[in-house]
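One structure is given below, encoded as structure tokens.
All ligand and atom numbering here is 1-based and tracks the order in the structure.
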Amino acid sequence: MGSVAIPLPAAAHPTAQEQAAANAAAASFAALTAKLDYLPSPEVEQVRQAYRFADEAHLGQLRNSGEPYITHPIAVAAQCAEWKLDAQALMAALLHDAIEDCGVSKHELIERFGAPVAELVDGLTKLDRLQFDTREENQAESFRKMLLAMARDVRVILIKLADRCHNMRTLSDVPREKWARISSETLEIYAPIAHRLGLNQTYRELQDLSFAHLLPWRHAVLSRAVGRARNRRRDLIQRVQRDLEQAFAQAGLDVRLAGREKTLFSVYRKMQNKHLSFSQVTDMFGFRVVVPKVADCYTALGVLHQLYKPSPGKFKDYIAIPKVNGYQSLHTTLIGPAGVSVEFQLRTESMHLVAESGVAAHWLYKAATPEGVSPDRLGTQWLQSLLDIQNETRDAAEFWDHVKVDLFPDAVYVFTPKSQIMALPRGATVVDFAYAVHSDIGDRAVAARINGEQVPLRSELHNGDVVQVVTAPDSTPNPAWLGFVRTGRARSKIRHHIKTLAQTESAALGEKLLAQALRAEGIDHLPAEAESGAVWDKLLRFTGSRSREELLTDIGMGRRIAGIVAKRLVALVAELGQRPDALLISRERFSGSNDTTGQGVVTIDGSEGASVSLAHCCRPVPGDAIVGYLGRGEGLVVHADDCVVAQRLQHKDAERFIGVEWSDEPVRTFETGLIVTVTNGKGVLARVASALAHAEADIAHIDMGQDSAQEATDLRFLVAVRDLAHLDTAMRLLKRTPSVLRVQRSRPQR
Ligand code: MN
């Protein structure tokens, strides 16, 4: 008997490596909690719960650096804590990769942390799923707008920026071949968003990190050059600083003075844009002067201008006229010692807060002690609204709505399957999208997929949807689309198509009618325009039509009578010496039995489209005896032979009637009217509808009698049937249904 050694579960004896990972995570969370002193302790506890949940969810996952994955969400939350975001945002930051990477459901997050936190995480997950394709030029602007539009809460954008910031800080751990894509995406999408929202510190950091990974060699060279220049000018800068401190002290001004240096990326960009060498970039170093009150900014400016000579044309008052992202400061450039120009920015504490943190200043203001920052004159409306909304509602969503109005129009942004971004008005549908891509795509659209799922063409689009339109070569626009399209482009294209369709179909019908009328006159085919140009010219002069096409359309639309045109054409042909064929005449006239005008018979199979319609008064179906009426301008209208409307027309307009017959194989179903008289009572309509369903006759419309007090009432249906036999079956089934007293077809009354 041997014994089997059973290994103990790994958890019971954590390896040294696992222990180290756990320690690292705990250490970084401890560092985070140290920053949470602005939150009440119950909220700090909630953040801790979110941390524990995320830590468990990410257990065993590692970052590229080999650190436990949880260090990333903690770092993101720490950045959000720098901005003094609320507990919900911090929890969402800790959980931001939980749905996507750990298979945690939104439902689970709602149950554990509440709907607001779950919504934030869900919003972040949706942003993560968007893939920006940097190969598509000129798309960056739309992509940025789409990102902003998709976030229903500004906190989602802030957490996203914090996420990107940490990913950029740790990009060196990522395989090198990914650097370029991630860096250009940051440079084109995320840095400008940070800038637009006034998060200048983040903006500069994102730019510099992207630059370092996109062009590592250039970044290194420039970094060394700036270092050397900094050394060379150290004495000079220190001298300026001493001069300034002295001058401000004499003026009795309380200032906070800080040296500032241009970022490497902005030096690089300036050299590129203005074709300068490094030594020609003179505004590398400068000072920031922060003072208590707005008036002090101007006083300090006066002090500076007395100390050194201002460089002409460099003074800018962004206090009176703030930048669009809310930035406010006075800018001036002075000629310092040794002729070196030095840049100055003068601002108050609250302006400084906005200048560095932008939108995030909303939360920073909240967290600031009353005497810490006094909200003074803030220029732009939406920045002022930071304060107003903070005082009135403290509602981040409302604030964001306000900001959004300024940031982008009422649009949705969606993708083509090739990652092209399309901007459409809110409420736009798949059909609008199809026409926006190309009118051919719109005209031939038959089905669509949104994010891979089959959807109806009328489906409304949402931000970030990937829309794929399925086309069929012989498909045509459906007039019903006009009921839901939003864009003028789609509307006009559909209308145009329907109009030309009616016209070409009418021309084809006209040609058929004219050829038949000609055969009745003994000419067996329509003379071709090429050989008989002179005949056509004369004919068109006779009818006053501009073209052969127009004449044929007019015949098809019933604006001209084929028989009359045919007689004229025969006369013209006769002038050329061509005799009518007597045999043909007698054969044509003999065969067209119910043909009052000698034009032959038109076959109806339901595929005729706009040039042929079925009269709404009698609604004939295959199997009914029918007549065709060439209404003025309405094309061929098919009536039931016994329709009183048709009979009335036949009296006064006999020459407009032509022979029609049903095809042996109709291609679709036909709607016809039924009147079902029933006794009033519960469930009657349901029984009748179910009888029709049983007969496979689809109900297209129901109209009910108003008077429920009466014993019997008429239900009026439009039902779709294949033919008369199908209709008879349906009517028989209805008659056998309880409560049904009578079933009849709906026909116009005499
Ligand atoms: Mn992340």
Practice item. Salt-bridge test for Glu343 and Lys262: reply yes if a basic N is under 4.0 Å from a carboxylate O, no otherwise. Key: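 Salt bridge flag = no for Lys262 with Glu343.
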Practice item. Report the name of the N/O/S atom of Asp97 located nearest to the Mn ion (ligand 1). Key: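 Minimum-distance N/O/S atom of Asp97 relative to the Mn ion (ligand 1) is OD2.
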Check your understanding: By atom name, which N, O or S atom of Asp163 is the nearest to the Mn ion (ligand 1)?
Key ->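 That would be atom OD1.
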Practice item. For the Mn ion (ligand 1), decide whether His72 has an N, O or S atom at a distance under 2.8 Å. Key: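 Checking His72: at least one N, O or S atom is under 2.8 Å.
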Practice item. Could you check if a side-chain atom of Arg224 sits within less than 4.5 angstrom of a side-chain atom of His219, using non-hydrogen atoms only? Key: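 The answer is no, as the side chains (C-beta and beyond) never meet within the 4.5 Å cut-off.
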**Study point:** Proximity of Phe344 and His331 rings by center, below 6.0 Å
**Key:**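 Distance test on ring centres: not under 6.0 Å, no.
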Check your understanding: Please, which pairs that meet salt bridge (Lys or Arg N to Asp or Glu O under 4.0 Å) have at least one residue in residues 265-275, sequence neighbours excluded?
Key ->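 Pairs touching residues 265-275 that pass the test: Lys270-Asp283.
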